[in-house]
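These notes concern the structure reproduced below.
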Amino acid sequence: ETGVTQTPRHLVMGMTNKKSLKCEQHLGHNAMYWYKQSAKKPLELMFVYSLEERVENNSVPSRFSPECPNSSHLFLHLHTLQPEDSALYLCASSQDLMAGGRQETQYFGPGTRLLVL
Amino acid sequence: QKEVEQNSGPLSVPEGAIASLNCTYSDRVSQSFFWYRQYSGKSPELIMSIYSNGDKEDGRFTAQLNKASQYVSLLIRDSQPSDSATYLCAVMIRAGRRALTFGSGTRLQVQP
C-alpha cells in the first residue's frame with residue numbers, strides 16, 4: 001500500500017467512549033501531522049511530530065492525546081469528546097520538518113469522518 | 001489580519017475559461033508555498049508548489065508568486081467541470097510555527 005492511510009474512515013462515538021484514530025505513512029517520511037477540519041472552517045493544525053518527538057501542540061484540549069510509536073505510525077486517542085469535536089480528522093506527512101522546499105511538502109491521508117453524539 | 005487569506009467564493013467560470021485563484025499571506029520571510037485541491041468530502045491533494053518569484057507551469061496549472069507583494073496565485077487554463085473543488089493555499093509561515101498554515105480555501109465552480 002502506498003501513500004498515507006487512515007483508519008477508520010468513519011467513526012460514530014458517544015461522549016463517554018474512548019476510541020483511537022490510526023495513521024500510517026508508507027513514504028519514508030520523518031514528520032507527521034494531525035489536522036482537524038470542521039465544516040466551513042480552515043484546516044486547523046493539532047499536533048506535529050518529527051522523528052517520533054512531538055514538536056508542536058497547537059493548544060489542543062487534553063481529551064485528544066496523540067501517540068507516535070515510530071516514524072511510520074501516528075495515533076490520535078480520543079476520550080470524553082464533545083459534539084463540537086465532530087469533524088474530519090486528517091493525517092499528513094512530510095519528508096522533514098522546516099527543511100525547506102520539497103521536503104516540507106505535506107501529503108494527506110483520506111481522513112476519518114468523526115461524529116460525536 | 002489572517003496569516004493566509006483567500007476569497008471564499010464561490011468563483012464561477014464557464015468551461016474552457018481561465019480560473020484565477022488568489023492568496024495573500026502576512027509573513028514576509030515565508031519561502032514555501034503550496035496549492036492543494038480538495039473535493040467535497042475528500043482530503044486535500046497537492047497540485048503545485050512554488051518557492052521562487054515568478055511563474056511555474058504544470059500542464060493546465062500555473063502558479064505565480066510575488067514575494068514583494070506577498071501574493072501567490074493559481075491559474076487554471078481550459079477549466080473543466082472536474083476542476084470544481086475547493087482550492088487551498090498553504091504557506092510555510094516561519095515565525096513560531098513548524099507546519100503549513102492553510103487559508104480557508106476558494107470554492108471554484110466550472111459551469112458546463
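Since this is a predicted model, take the numbers as computed values, not measurements.
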message: Would a single hydrophobic cluster contain both A/V55 and B/M92, if residues Ile, Leu, Val, Met, Phe, Trp and Tyr are joined by side-chain heavy-atom contacts under 4.5 Å?
response: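 B/M92 and A/V55: one cluster.
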message: Please classify the contact between B/I50 and chain A as side chain, backbone, both or neither, with a heavy-atom cut-off of under 4.5 Å.
response: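 For B/I50, no heavy atom lies under 4.5 Å from chain A.
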message: Heavy-atom cut-off 4.5 Å, strictly under: side chain, backbone, both or neither for B/Q38 against chain A?
response: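 For B/Q38, the side chain is the part near chain A, not the backbone.
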task: Using a cut-off of 6.0 Å, state whether more than 12 heavy atoms not belonging to A/L27 lie near its atom CG.
output: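 For A/L27, atom CG is crowded (more than 12 foreign heavy atoms under 6.0 Å).
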message: Could you check whether atom NZ of B/K67 has more than 12 heavy atoms from other residues, nucleotides or ligands sitting under 6.0 Å from it?
response: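 Yes, NZ of B/K67 has more than 12 neighbouring heavy atoms, counting only those of other groups under 6.0 Å.
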- request: Would you please go through residues 109-117 of chain A and name the residues with a non-hydrogen atom below 4.5 Å from one of chain B, in numerical order?
  value: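 Expected list: A/G109, A/P110, A/R113.
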- prompt: For chain B, which residues from residues 71-92 of chain A have at least one heavy atom closer than 4.5 Å to it?
  reply: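 So far as heavy atoms go, A/L88, A/L90 are the residues that approach chain B to under 4.5 Å.
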message: Minimum heavy-atom separation for B/P44 and A/F108, please, with both atom names.
response: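 That closest heavy-atom pairing would be O-CB, 3.6 Å.
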message: To check you understand the geometry: which heavy-atom pair defines the closest contact between B/L100 and A/Y35, and what is its length?
response: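 Heavy atoms only, the tightest pair is O-OH, 3.8 Å.
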query: Could you state the interatomic distance from CD (A/Q6) to OG (B/S43), rounded to the nearest 0.5 Å?
result: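 The CD atom of A/Q6 sits 7.5 Å away from the OG atom of B/S43.
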- prompt: Which distance, rounded to the nearest 0.5 Å, do you find between the OG1 of B/T101 and the CD of A/E44?
  reply: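 Rounded to the nearest 0.5 Å, the OG1-CD separation comes to 12.5 Å.
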query: Are side-chain heavy atoms of A/Q106 and B/Y36 found at a separation under 4.5 Å?
result: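 Yes, close enough: below the 4.5 Å cut-off.
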